[in-house]
Amino acid sequence: MHWPKDMAGALVMSASMAVLVYTPAVRAACAQLLPMMEQVYRRLLAVPIGRGWLRP
């Protein structure tokens, strides 16, 4: 059976991604990326939110 190896691999991947996210370099990159992504969000979804199709 291969599924125990799948579960172990998923555990290793999730742990390594959690460690990666908490590194200072990634935090700094996210701090710069977040304002840009918010601008994209506001521009793309302004009309649907304004018409009441979506809630912000």
Side-chain angles (χ1 to χ4, degrees):
M1 298 180 114
H2 64 82
W3 70 268
K5 293 178 184 176
D6 292 342
M7 292 292 120
L11 179 64
V12 169
M13 283 301 295
S14 63
S16 62
M17 289 296 113
V19 169
L20 178 67
V21 167
Y22 285 111
T23 60
V26 173
R27 286 180 167 238
C30 289
Q32 291 180 348
L33 187 62
L34 185 61
M36 290 184 271
M37 294 304 295
E38 286 178 349
Q39 287 178 353
V40 169
Y41 165 80
R42 289 186 180 126
R43 287 183 182 159
L44 288 177
L45 298 178
V47 172
I49 290 172
R51 292 183 181 175
W53 296 346
L54 298 173
R55 285 188 275 167

| query | Shared ILVMFWY cluster between Val21 and Met37, side chains joined below 4.5 angstrom? | reply | no
| query | Counting only heavy atoms not in Gln32, do more than 12 fall under 6.0 Å of its CD? | reply | no
| Nearest atoms (heavy-atom pairs only) where Val26 meets Leu20 | CG2-O, 3.4 Å
